[in-house]
Number of protein chains: 4
Amino acid sequence: MTISGSTEVHSGPIRLGMVGGGKDAFIGAVHRIAARLDNEYQLVAGALSSTPERSIESGLALGLDRDRIYGSFEEMAEKEAARPDGIEAVAIVTPNHMHYPAAEAFLRRGIHVICDKPMTSTLEDAEKLAALARESDALFVLTHNYTGYPMIRQAREMVANGELGTIRVVHAEYVQDWLTVAAEESGSKQAEWRTDPARSGAGGAIGDIGTHAFNLLSFVTGLQTEELAADLHRFVPGRRVDDNAHIMLRLEGGAKGMLWASQVAPGNENGLKLRVYGDKGGLEWLQEDPNKLWFTPFGEPKRLITRNGAGAGPAAARMSRIPSGHPEGYLEGFANIYSEAARAIRAKQAGEQLPAEVVFPTVEDGVAGLKFIDACVRSSEKNGSFVTL
Amino acid sequence: MTISGSTEVHSGPIRLGMVGGGKDAFIGAVHRIAARLDNEYQLVAGALSSTPERSIESGLALGLDRDRIYGSFEEMAEKEAARPDGIEAVAIVTPNHMHYPAAEAFLRRGIHVICDKPMTSTLEDAEKLAALARESDALFVLTHNYTGYPMIRQAREMVANGELGTIRVVHAEYVQDWLTVAAEESGSKQAEWRTDPARSGAGGAIGDIGTHAFNLLSFVTGLQTEELAADLHRFVPGRRVDDNAHIMLRLEGGAKGMLWASQVAPGNENGLKLRVYGDKGGLEWLQEDPNKLWFTPFGEPKRLITRNGAGAGPAAARMSRIPSGHPEGYLEGFANIYSEAARAIRAKQAGEQLPAEVVFPTVEDGVAGLKFIDACVRSSEKNGSFVTL
Amino acid sequence: MTISGSTEVHSGPIRLGMVGGGKDAFIGAVHRIAARLDNEYQLVAGALSSTPERSIESGLALGLDRDRIYGSFEEMAEKEAARPDGIEAVAIVTPNHMHYPAAEAFLRRGIHVICDKPMTSTLEDAEKLAALARESDALFVLTHNYTGYPMIRQAREMVANGELGTIRVVHAEYVQDWLTVAAEESGSKQAEWRTDPARSGAGGAIGDIGTHAFNLLSFVTGLQTEELAADLHRFVPGRRVDDNAHIMLRLEGGAKGMLWASQVAPGNENGLKLRVYGDKGGLEWLQEDPNKLWFTPFGEPKRLITRNGAGAGPAAARMSRIPSGHPEGYLEGFANIYSEAARAIRAKQAGEQLPAEVVFPTVEDGVAGLKFIDACVRSSEKNGSFVTL
Amino acid sequence: MTISGSTEVHSGPIRLGMVGGGKDAFIGAVHRIAARLDNEYQLVAGALSSTPERSIESGLALGLDRDRIYGSFEEMAEKEAARPDGIEAVAIVTPNHMHYPAAEAFLRRGIHVICDKPMTSTLEDAEKLAALARESDALFVLTHNYTGYPMIRQAREMVANGELGTIRVVHAEYVQDWLTVAAEESGSKQAEWRTDPARSGAGGAIGDIGTHAFNLLSFVTGLQTEELAADLHRFVPGRRVDDNAHIMLRLEGGAKGMLWASQVAPGNENGLKLRVYGDKGGLEWLQEDPNKLWFTPFGEPKRLITRNGAGAGPAAARMSRIPSGHPEGYLEGFANIYSEAARAIRAKQAGEQLPAEVVFPTVEDGVAGLKFIDACVRSSEKNGSFVTL
């Protein structure tokens, strides 16, 4: 019962700034908890809102020094880069369309970027950002946070070890119900920007949650998707982006997949589910019950592998803090991405090789996500024909 | 705790014959239990195998009189039709390609037909059979047995009553793993004929189990499917029919659906699952846990409705025999189709109107199933483009 | 996918009579379905009610010949014993206090008895009945029907094979909610006799359902209970028997157990659950999901064994009719007791040894059940002190 | 989707010290994460081990200043009390027998104490500590952390609001398997002290986990336990304390309960489960799936209430950080106790009344826990007779 994955012991927290995430923002607070949980980061600066007064108010409430609360990300990037004790990393948690300009400002100054997903609001921005990141000395980490769940690491390890054999069929779904009604018309700020193509990009459900499902299936199987056929739809009158997406996938090596993303399926809260089947066995995982992974070697009884429990391997153990039977959840999984990033930042700072087991979503995953959205939109416009990614 | 749906009390069992279902047949024995369970039928004649010796051996073992064991269905149809105490109904449980000729022989003689699914091996046969059935005085009942489950009746009633509002999204899947390996090459008779296009028809998984999923979603929602896009695949080398099928559906009224049928997904035994979402609520049902139905009115906690328990209505009650908490299963659901058929046969014999609540799959459902298979094959040949049914 | 446990093929059904089970009786209809399901019995005679008119009406409705519908069990026993085609076995499904006199009448005439549980309403009657049964050539079968569930047979086999090691801890519970209110005062016939000590005996919940839980734990572990401490209680004002029972058990060999029976726990329908733990592994089973058995070898992942699926052995297979993934339920489990009894009756008729794998609850189990009730009442009267059984 | 329960915004973290919790300690790291998660505390001092070198090594690794790492809790209490920036609160996470002397040292100096459970190793110490705490200006908070789970708060609120009616039956169990074998003899430090009566007290399973279950049922129902009957047992040869405990409870107002604590039940990791039934409805909760609460109003379908989802009230919402469907776990529940304590400390520091909704386990709960252990031991020594608490 030791705390296998703990990283709380180190030379001192990484100095972190934040762009976005002021009052009433959901994901900003999540990033802050994730950064804090393993004692790896200290929030010291912020441009927390595009409205300067709001940024100041939010920053003071979070205990930031007044002179490190900025009115814009450009100002923060410039001034922090000039300080000897300036931020080492920045978390970008704005609506999607602001990710690119903010990331650019920090990457160009050698400040590591931890950015929310989807990476940008357009494929063009994504590719520009990827070019920038490849040239930069700074790291770019994308918070496809579900890849931080221990049992997702376990699943990926089992696939890589050949325990499923050759992958044949993959099913991913991310199903919610909160947009069953037109929440964007009744004052929900979360609904407003997520259904506004100018801020979220061309994808609605497909961008907000479909990219998570897509990233997860790629992460676990290690397979690229080559072609897809998508039927995007807007069920709620007046909605400007898709709220339900049906997709068929063809992956490299001949595997086939289906992906379903919906925000209009009553009874589903955050129903992210992944099922992977090979010629030797199958795996099933559900985000709402994340400490368990079902594994069925063909012809044997199903086995329930638990986080840190019997049957779980080192990839899950290093993402775990407490014994199995004591559930870890969403925040811990999110914190795992931050702690992986911290390991990478420290390795870079020390000029050391990053250990092979340290894994996190990168700018390339971000580009893949935007290519996925783009392909879905293209296919849907061609009456659901298969298109290449 | 009365036995609400029981039909054991009546004027005497219906005289039943059987075509197919000799030794080692799986589904024949299931039909016999289903016929017997509610005391509605008595098996009195059989052409149980295409091999006469085998038919005789099987019939004697089942306690049939020697002179009512026949070497062929033609002989049985002719001789039984001539007897004053001849069979009133026949169960056809052969491989698919024999359904049509056998059904024809009995329908032409006014003997009611209870036929296994898919109805025929070709769409052409299905349409010929439908024409025959429409002209005949005899009933044609198709054993899409899952429509006999009480909670499926409950779901259908709730949709019809508007408890889900306008249907938007439907997900059906039927997932198995028994054909993960080439069972047809290692002596499994079940696998042999089900993967032989000459006997099963053009569909593999799509015909054997996909039609069940398709029928179920049609039965519950009451909606016709207008278009579909299908990606059929054969994963096991040497297999002659699809063993995995990914399908996107477009239903009348604008609803969208997905359907997955697979026989190569390790860990799945008979994973038939139906999820239906409307603008007011959602329903979820799983064949492997059939006594429960999840219902979520939008914005309220999920509710677990149990067979004959609180929240269940008359449509479920009349399909139930015992109190909730005591599980009924596959055989009881199958028996419900037989008992619905018995009610219809008795009503016809008495010249009475069939009560509106008596429901069973008909020849039209059989045609719809073959159209579904046909459309899947056509779409798949056109690289997964949408086609009309 | 053959029907492993099927017994439908044999020389002809056993002639069965029934005592009790007229209109509105719950368990009578269950016994009739169970007798019919495997084609092992034919109901040919009945004394279906203590009111002769009601007996006649019920018998005619069931299709019995008028001259084999009797006004009393004594008359039926006498007349059927005198017929050359008289009944070979009788099902006794009356309230508990009538079990003894009815069983006596048939056993004394060499007619096999299949009797509902608890075996009698008093321990004294139970012991008299046991003495009678030991002397009789006829069989006595007690329908502790839950022992007919395939996964209970599987569990028993695994314990016997040592897969759990030495048994340490056993937990059994049978929890319902239907008597949360005073149903016996609002016209429920089922509630009336089950809460009337003159008809049900001294035990309420402990007799009606506690005996099932007790029988099940004895059947699976093979261990005798040596001592128990019970705290029986009546929560509903005016109720004359216990509706909630808490019990601590001490079993032979040093194992410890707990047993809970309740009819006042809202949300529980028929929550019969068994958990058994040894020094090598554990088992868990739930009647409401009966096709699954959890098995955990210590230090390994939990395994889900399914009826007829991977991991299930011959004891489960011979109780199964259909492939795993197609649920069998309460009626099939009940039918398994009837079919085991049929095997025993046929073996006796043929003068053959009963195969070792044929197992059913006997008169000794009935005595054990009454001793259990008696000990619970005695302990509860002594403020919950431990008493010997 | 705002973060309802967040307390991250305030005037600055509370200065915290820690006694125990050095390297290889499990619960110390948990307390540190819990203190950090909501940004309410900063760890600034420690006496992390009874071995000074080990304390120093652990403290440096955690980033403490060298001069605030102490060789003993007495030294820390004295020196920190003398500093103007001394600790405001201390977390005590040693083995049980050291809780009392450490708590005394800090309470006497007006430093708030957050102490692990069970509160002491003897009832005598517990009562002395309670007297001390009542006299002290400092707060005493006991980390019965499971009371911090949002759905436990929800359950407590529903019982208090009368949604279950009069409570009749309560079932609590906490079941593990890690002591199925003699782990204390093979080098597990956790097993060593927990099975050593000198360090853990007279209770084994009953103290380590039984007190959690007991505290939880008291917290949710608000009912005192008046009498209990216990059958404690040691299954593993050589073990010095109980590893399995069966207990029957009698609560004030006539409710009855059962409690089971075991560390020898293979397949159970941290199976803490609570079921509460009243005359109007029932509740069920499972620690391993903590974001859900089953609620059944009598005669209605079961409802699944989710953390922050439909059906959940303010008591759950103020303990939640993220939207329902995103699981929170053990660490978040633990952090909730720390954050409740922070609210109480800040209210005390500000001379304000503590808001009624702020709730945490106190020294009185600690005494109740030791009385529970004591009563279990007494009853067990009297062959399981009922004793008063």
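Within every chain, numbering begins at 1; the chains are lettered A, B, ... in the order of the sequence lines, protein sequences first and strands thereafter.
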Next item on the list: Evaluate the ring planes of Phe372(B) and Phe214(B), with Trp represented by its six-membered ring, and classify them as parallel (under 30°), tilted (30 to 60°) or perpendicular (over 60°).
Entry: parallel

Note to self: For Val276(B), which atoms come within 4.5 Å of any heavy atom of chain A: side chain, backbone, both, or neither?
What the structure shows: neither

Margin query: Quick check: under 4.5 Å, non-hydrogen atoms only, which of residues 202-213 of chain A neighbour chain B?
Written below: none

Checklist line | Partner chain B: residue of Ala265(A), Gly299(A), Gly282(A) with the largest heavy-atom pair count (under 4.5 Å) | finding: Ala265(A)

Item checked: Partner chain B: residue of Glu284(A), Arg275(A), Lys302(A), Lys256(A) with the largest heavy-atom pair count (under 4.5 Å) -> Lys256(A)

Next item on the list: With side chain to side chain contact (heavy atoms under 4.5 Å, CB included) as the test, would you mind laying out the steps for Asn244(B) and Tyr277(A) before giving the verdict?
Entry: CA-CA 11 Å; Asn244(B) 191 81; Tyr277(A) 305 101; over 6 Å; no

Notebook entry, point to check: Counting heavy-atom pairs under 4.5 Å to chain B, which of Asn268(A), Asp279(A), Leu249(A) comes out on top?
Noted result: Asn268(A)

Checklist line | Shortest non-hydrogen contact between Lys280(A) and Gly165(A), atoms and distance | finding: CD-CA, 3.4 Å

Check: Closest heavy-atom contact between Thr147(A) and Leu216(A)?
Finding: N-CD1, 4.1 Å

Next item on the list: Check whether more than 12 heavy atoms from other residues, nucleotides or ligands sit under 6.0 Å from atom CD of Gln224(A), and answer yes or no.
Entry: no

Next item on the list: Output all residues satisfying ring-ring contact (aromatic ring centres under 6.0 Å, His included) with Phe235(A), sequence neighbours left out; order by chain, then residue number.
Entry: His233(A)

Notebook entry, point to check: Heavy atoms, side chains only, cut-off 4.5 Å: are Phe295(B) and Gln154(B) in contact?
Noted result: no

Notebook entry, point to check: Which atoms form the tightest heavy-atom contact between Trp178(A) and Ala183(A), and what is the distance?
Noted result: O-CB, 4.2 Å

Note to self: Below 4.5 Å, heavy-atom pairs only: which of Gly278(A), Gly254(A), Gly257(A), Ser385(A) has the largest tally toward chain B?
What the structure shows: Gly257(A)

Checklist line | side chain to side chain contact (heavy atoms under 4.5 Å, CB included) evaluation trace for Thr306(B) with Asn291(B) | finding: CA-CA 6 Å; Thr306(B) 54; Asn291(B) 295 279; 5.9 Å; no

Next item on the list: Side chain from CB out, backbone as N, CA, C, O: work out which of these in Glu300(A) comes under 4.5 Å of a heavy atom of chain B, or both, or neither.
Entry: neither

Checklist line | Contacting region of Leu283(B) [heavy-atom separation from chain A under 4.5 Å] | finding: neither

Next item on the list: Kindly assign one of parallel, tilted or perpendicular to the pair Phe26(A) and Tyr330(A), based on the angle between their ring planes and the thresholds 30° and 60°.
Entry: parallel

Notebook entry, point to check: In terms of heavy-atom pairs under 4.5 Å with chain B, which of Asp231(A), Val264(A), Thr296(A) leads?
Noted result: Asp231(A)

